[in-house]
Amino acid sequence: MSDQPRPACSPTLFSWEFAADPYPAYAWLREHEPVHRTTLPSGVEAWLVTRYADARAALADPRLSKNPAHHSEAAHAKGKVGIPGEHSADLVTHLLNIDPPDHTRLRRLVSKAFTPRRVAAFAPRVQELTDRLIDGFGSRGQADLIHEFAFPLPIYAICDLLGVPREDQDDFRDWAGMMIRHGGGPRGGVARAVKRIRAYLADLIHRKRESLGRGDGEQSVDLISGLIRASDHGEHLTENEAAAMAFILLFAGFETTVNLIGNGVYALLRDPVQCDRLRRALKEGDEGLLATGVEELLRYDGPVEIATWRFATEPVVIGGQRVAVGDPVLVVLAAADRDPERFEAPDVLDLSRADNQHLGYGHGIHYCLGAPLARLEARTALGTLLRRLPDLRLAVEPQEVRRRGGLIMRGLRELPVTWDPSTATGGGTGS
């Protein structure tokens with residue numbers, strides 16, 4: 001992807017040109033200013049950590065707090081750090097914003113939903129959703145894979161996991177769409193969507209608590225019901241914590257997977273050698289290349305460009321650079337995962353890469369809780385697409401595919417694709 005020359009001097013960050021391909025700029029920073037102080041588009045000053053070794057250490061450093069109250073400025077109160085709209089909607093008490101012991105307590109409660117056994121049991125539903133979405137456009141010969149596939153698949157999956165009734169899930173899709181569309185623009189659009197989600201979650205939690213109290217939902221295994229049961233059995237989970245937890249699982253659980261599927265398909269279609277290699281493996285019934293391929297796509301052009309905010313609680317030295325108390329630190333996962341000191345030929349897509357301890361889902365106690373579900377969705381989505389649409393290809397030149405703006409996430413606005421409808425196959429053939 002990064003076939004542009006590296007900048008000769010300090011690169012311009014956060015422009016639209018940068019968003020299209022940030023990797024040459026990150027290569028320059030890794031070499032010349034691996035811990036780089038910059039002013040973000042919001043006006044907040046922060047340190048960018050770009051080397052793999054420094055990034056991995058920073059992600060696990062307890063002196064770097066997730067709690068925005070440790071920020072040396074009051075920017076968090078103005079919505080300039082964290083997720084847009086979460087502060088005004090009173091949704092800040094979630095796993096991305098807290099430290100132990102509260103983080104330990106809340107993560108323990110939610111982790112039960114993402115055990116290997118629970119995720120494996122969810123696989124048929126993910127396959128059903130995947131086939132249903134492809135059925136909707138397979139005979140047309142063209143589609144926008146973001147809005148018609150990569151976006152709705154994880155929305156419906158995470159709604160099922162949370163326990164959002166099927167009749168309400170299209171509302172969630174609309175609200176999530178507002179967050180996607182406005183992610184790089186005015187934060188007000190995101191804030192409105194977040195407030196609507198917050199109001200809905202509060203009402204849903206109330207309804208589920210009443211149902212459980214009557215004994216109507218005692219067999220419910222959805223995550224929100226589980227959180228309510230834990231709260232009612234002495235785990236001291238407040239309603240705000242339950243709503244914030246459901247919100248962050250929705251937010252992190254859908255947008256990262258949208259980007260993983262979208263970026264993954266885009267990378268494959270731009271590399272016909274690797275794409276054909278995967279198609280042949282799938283045709284021969286070899287699922288191994290699909291599994292290692294998803295990991296490589298996470299490393300090569302992952303869904304999270306920069307890890308969420310951290311704040312120094314004491315003076316910290318990172319990569320030889322002194323970081324003062326209260327300074328924000330942003331670990332650039334996209335830069336770390338292209339570090340030639342850690343990965344051989346890091347700018348080359350190699351679906352069979354063996355030594356691939358990437359940071360695509362973080363590291364340490366804040367490692368992404370939903371990673372097993374995201375991997376399942378990505379394997380199912382990519383494998384089924386390539387099986388059912390064997391001549392899938394880009395409908396536009398690669399440079400015409402537009403990226404969404406934004407600091408944390410890395411994704412596409414749309415992904416126009418085409419194929420010969422006569423070669424498309426029916427559902428039920430996926431993994």
Side-chain angles (χ1 to χ4, degrees), residues 16 19-20 84 125-160 164 166 168-186 189-190 192-194 196-197 250-270 297 301-305 373-374 377-378 380-386 388-389 391-406 408-419 421 424 427 430:
W16 285 110
R125 175 59 175 161
V126 173
Q127 186 66 60
E128 176 191 343
L129 289 168
T130 301
D131 282 319
R132 189 182 80 192
L133 291 168
I134 296 176
D135 288 344
F137 57 72
S139 62
R140 289 208 318 258
Q142 61 181 11
D144 173 4
L145 276 190
I146 297 299
H147 294 286
E148 297 183 70
F149 185 67
F151 174 67
L153 173 58
I155 276 289
Y156 292 136
I158 200 67
C159 281
D160 279 355
V164 175
R166 298 279 172 91
D168 294 344
Q169 292 185 5
D170 284 336
D171 288 336
F172 259 80
R173 179 176 174 170
D174 291 343
W175 297 329
M178 290 178 66
M179 296 175 71
I180 286 280
R181 287 192 299 274
H182 294 289
V190 181
R192 286 193 296 273
V194 170
R196 290 177 184 178
I197 292 171
L250 172 71
F251 177 82
F254 92 86
E255 191 168 9
T256 55
T257 310
V258 173
N259 294 345
L260 173 55
I261 296 171
N263 294 355
V265 173
Y266 181 58
L268 287 171
L269 297 184
R270 293 189 64 187
L297 293 168
D301 196 26
V304 182
E305 185 167 345
L373 177 60
E377 291 174 341
T380 306
L382 294 175
T384 308
L385 270 178
L386 294 180
R388 294 192 55 184
L389 308 176
D391 70 333
L392 184 71
R393 58 195 182 274
L394 288 175
V396 297
E397 293 299 318
Q399 61 270 22
E400 295 179 51
V401 176
R402 296 183 300 159
R403 292 276 176 184
R404 289 190 294 111
I408 302 298
M409 300 292 185
R410 176 164 175 77
L412 301 171
R413 288 176 178 265
E414 66 272 318
L415 184 57
V417 294
T418 187
W419 62 92

(request) Output, in order, the C-alpha distance, side-chain angles, deciding distance and verdict of side-chain contact (heavy atoms from CB on, under 4.5 Å) for Tyr156 and Asp170. (result) CA-CA 8 Å; Tyr156 292 136; Asp170 284 336; 2.8 Å; yes
(request) Output yes when a side-chain donor or acceptor of Trp419 lies under 3.5 Å from a complementary backbone atom of Gly138, and no otherwise. (result) yes
(message) Could you report the tightest heavy-atom contact between Pro154 and Thr257, atom names first, then the distance?
(response) CB-CB, 3.8 Å
(message) Can you give me the closest heavy-atom contact between Gly262 and Ala150, atom names plus distance?
(response) N-CB, 4.2 Å
(message) Going by salt bridge (Lys or Arg N to Asp or Glu O under 4.0 Å), name the pairs with one or both residues in residues 259-268, residues two or more places apart or in two chains.
(response) none
(request) Could you tell me the separation between the CZ atom of Phe254 and the CG atom of Asn259, rounded to the nearest 0.5 Å? (result) 9.0 Å
(message) To the closest 0.5 Å, what do you measure between CG (Leu260) and CZ (Arg410)?
(response) 13.5 Å
(request) Return the minimal non-hydrogen interatomic distance between Thr384 and Gln127, and the atom names on each side. (result) OG1-NE2, 3.2 Å
(message) My understanding is that only residues two or more places apart in sequence, or in another chain, count here; which of them pass salt bridge (Lys or Arg N to Asp or Glu O under 4.0 Å) with Arg173?
(response) none
(request) Can you see which heavy atom on Arg403 is nearest to which on Trp16, and at what distance? (result) O-CZ3, 3.7 Å
(request) Let me know which of His147, Arg402, Arg404 forms a side chain to side chain donor-acceptor pair (under 3.5 Å) with Glu414. (result) Arg402
(message) Is the shortest side-chain heavy-atom distance between Ile261 and Ile146 below 4.5 Å?
(response) no
(message) List the residues meeting side chain to side chain contact (heavy atoms under 4.5 Å, CB included) with Asp135, not counting sequence neighbours, and say none if there are none.
(response) Arg388
(request) For Glu128, check side-chain hydrogen bond (donor to acceptor under 3.5 Å, both in side chains) against everything at least two apart and list the hits. (result) Arg125
(request) Indicate yes or no for a side-chain donor-acceptor contact from Gln169 to the backbone of Val164 under 3.5 Å, with no hydrogens or angles considered. (result) yes
(request) Quick one: list whatever passes side-chain hydrogen bond (donor to acceptor under 3.5 Å, both in side chains) with Asp391, sequence neighbours left out. (result) Arg393, Thr423
(request) Report the distance from atom CG of Leu297 to atom CG of Leu382, rounding to the nearest 0.5 Å. (result) 6.5 Å
(request) To the nearest 0.5 angstrom, please state how far the CD1 atom of Ile408 sits from the CD atom of Glu305. (result) 9.0 Å
(request) Determine yes or no for a side-chain-to-main-chain donor-acceptor pair under 3.5 angstrom, with Thr418 supplying the side chain and Gln142 the backbone. (result) no
(request) May I ask you to decide whether Glu148 forms a salt bridge with Arg140, counting only side-chain N to carboxylate O separations under 4.0 Å? (result) yes
(message) Holding to side chain to side chain contact (heavy atoms under 4.5 Å, CB included), I want the full list of residues that pass it with Leu373, two or more places apart in sequence or in another chain.
(response) Phe114, Phe122, Ile158, Leu161, Leu376, Glu377
(request) List for me each residue that meets ring pair (Phe, Tyr, Trp, His ring centres under 6.0 Å) alongside Phe172, sequence neighbours excluded, and say none if there are none. (result) Trp175, Tyr200
(request) Applying side chain to side chain contact (heavy atoms under 4.5 Å, CB included), name anything that partners Thr256, two or more places apart in sequence or on another chain. (result) Pro303, Val304, Met409
(request) Kindly compute the distance separating CG (Leu389) from CZ (Phe149), expressed to the nearest 0.5 Å. (result) 8.5 Å
(request) Specify the closest pair of heavy atoms between Pro421 and Gly141, including all atoms of both residues, with the distance to one decimal. (result) CG-CA, 3.6 Å
(request) Please check if the side chain of Asn263 supplies one atom and the backbone of Asp301 the other of a donor-acceptor pair under 3.5 Å. (result) yes
(request) Might you point out which heavy atoms bring Ala381 and Leu153 nearest each other, and give the distance in Å? (result) CB-CD2, 3.9 Å
(request) List in chain and number order the residues that pass side chain to side chain contact (heavy atoms under 4.5 Å, CB included) with Glu397, two or more places apart in sequence or in another chain; answer none if no residue qualifies. (result) Gln399, Glu400
(message) Using side-chain heavy atoms (C-beta onward) and a distance below 4.5 Å, is Arg166 in contact with Asp160?
(response) yes
(request) Can you measure from CG (Leu269) to CG (Leu145) and round to the nearest 0.5 angstrom? (result) 8.0 Å
